[in-house]
Amino acid sequence: MKTRLFKIKPSRPSASLIQAAARVLRAGGLVAFPTETVYGLGADALSSAAVLRIFRAKGRPADNPLIVHIADADDLHRLAAHVPETALKLVRRFWPGPLTIVLTKTDLVPKAVTAGLDTVAIRMPAHPVALALIRASGLPIAAPSANSSGKPSPTSAKHVLEDLEGRIGILLDGGPTRIGIESTVVDLTTRVPQILRPGKISAAQIRRCIGPVRSPKRSPRVKNPRSPGMKYRHYAPKARLILVEGSKPIVVRRIQSLIREHAGLSIAVLTTNRRRVYPGAHTVFIGSSANAIARHLFRVLREMDEHGVSLVLSEGVHVAGFGAAVMNRLRKAAENGGATDTSKHWKNSVKRR
Ligand code: TXA
Ligand code: MG
């Protein structure tokens, strides 16, 4: 299959391009499109056959469910068997926007979408292209991030092509995405709502809207996660990535000593301080605010591979607010999951190939 790439203006999406993409969706095909978070790989959420094509194109494990995207909040009632007051409050406050809610599903939603679960994840994206496409198709659109499974989520059309060229019908190129990491996922089917994946909408914002909420466990690789996607190592560049957390002076010294230990390798260091330079490594400034880091992180991880870097050392990020979500992604990309400790672990993790 040849992938047709179309540039589309987010401020004024061309109606004929949107119609062409909507036709592909209605015929059961795949369309990649921009959202405010990352690019999505869309298919008709009501068709098992169409949804299975998503899993095949991405090489996604069959037990990892998809998010269903809608453009009209009333569609919640077709997809969810029960819409609690908490859902209505969150929808009024944060939709369209980077918040996904998990509810009990209706029979309309095929098990292929939910990977056999009786719950469904739903979101309304805040992007004019995504909204126009959903409306024109007249369908709820199942869409995971448009990367091959295990790679960083795509924040530009170039990333989508790298992973999926020839596997999708149409790619709508709306330029780089604004937020850069995926939506917050909150499960509203438990007695106390639970954040399954941190994102731009923070736990504190959700609490202010609906009261008590459980935050995700720190460990990125829990054994029996409620959100199946959270158990996989994600976002990983081919290079080994080691995340160094702790107070700044300790982090800097630890990174300097790791550089010395691995002299001879092609090393990059991701720093959050514009003026910091690490001799012996290629220093890459990834932004000093959580917003900036989020916007650039997945692109930078992909560039590490393009540049043939074999070891990436990353400083940790302040975990307040949105920083918590950025750290979550860094920890999942890192082979050490962000362990701060000690020489034994470092040596093992760097030697293992
Ligand atoms: O920002 C985003 O959410 C992007 C854009 C394209 O909308 N989409 C995205 O989809 O990141 P994906 O498939 O890459 O991540 C969906 C996450 C996974 O961690 C999955 O396990 C979880 O949502 N999820 C989906 N349905 C679920 C359900 N019924 N219960 C629990 N977790 C669910
Ligand atoms: Mg994904």
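Just so you know, ligand 1 is whichever comes first in the structure, and atom 1 is the first atom listed for that ligand.
- Looking only at distances, no side-chain donor or acceptor of Arg178 sits under 3.5 Å from a matching main-chain atom of His127.
- Residues Pro154 and Val38 share a closest heavy-atom pair of O-CB, 3.4 Å.
- Ion pair Glu85/Arg92 flagged as a salt bridge, since at least one NZ, NE, NH1 or NH2 atom sits closer than 4.0 Å to an Asp/Glu carboxylate oxygen.
- Taking Arg53 as the reference, nothing meets the salt bridge (charged side-chain N to carboxylate O under 4.0 Å, His left out) condition, with sequence neighbours excluded.
- For ligand 1, the polar-atom distance check finds no N/O of Thr35 at less than 3.5 Å from any of the ligand's N/O atoms.
- Ligand 1 has no N or O atom lying under 3.5 Å from any N or O atom of Thr100, backbone or side chain.
- Leu30 and Val113 fall within the same hydrophobic cluster, where Ile, Leu, Val, Met, Phe, Trp and Tyr residues are linked whenever their side-chain heavy atoms come under 4.5 Å apart, directly or through other members.
- Close approach of ligand 1 to Leu196 is summarised as follows: ligand atoms under 4.0 Å from at least one heavy atom of the residue are 31 (C), 32 (N).
- The shortest N or O to N or O distance between Thr37 and ligand 1 is below 3.5 Å.
- Salt-bridge check for Glu165 with Lys2: failed, with every basic side-chain N at 4.0 Å or more from each acidic carboxylate O.
- Between Ser183 and Ile67, the closest heavy-atom pair is OG-CD1, 4.1 Å.
- Across Ala143, Gly199, Ser153, Gly40, heavy-atom proximity to atom 8 (N) of ligand 1 is greatest for Ala143.
- To the nearest 0.5 Å, atom OG of residue Ser289 and atom NE2 of residue His318 are 11.5 Å apart.
- Not one N, O or S atom of Ser153 sits under 2.8 Å from the Mg ion (ligand 2).
- In the vicinity of His69, heavy-atom distances shorter than 4.0 Å reach the ligand 1 atoms 5 (C), 6 (C), 7 (O).
- Residues Ile54 and Leu41 share a closest heavy-atom pair of CD1-O, 3.5 Å.
- The distance criterion of under 3.5 Å between nitrogen or oxygen atoms is met by Thr119 with respect to ligand 1.
- Nearest-heavy-atom check against atom 18 (C) of ligand 1 across Thr114, Ile67, Asn64 picks out Asn64.
- Of all atoms in ligand 1, numbered sequentially from 1 with element shown, those under 4.0 Å from a heavy atom of Leu117 are 28 (C), 29 (N), 30 (N).
- Those atoms of ligand 1 with a heavy atom of Arg60 less than 4.0 angstrom away are 12 (P), 13 (O), 14 (O).
- Which parts of ligand 1 touch Ser145 is read off a 4.0 Å heavy-atom cut-off, strictly below it: atoms 8 (N), 9 (C), 10 (O), 12 (P), 14 (O).
- An N or O contact shorter than 3.5 Å links Ser183 to ligand 1 by distance.
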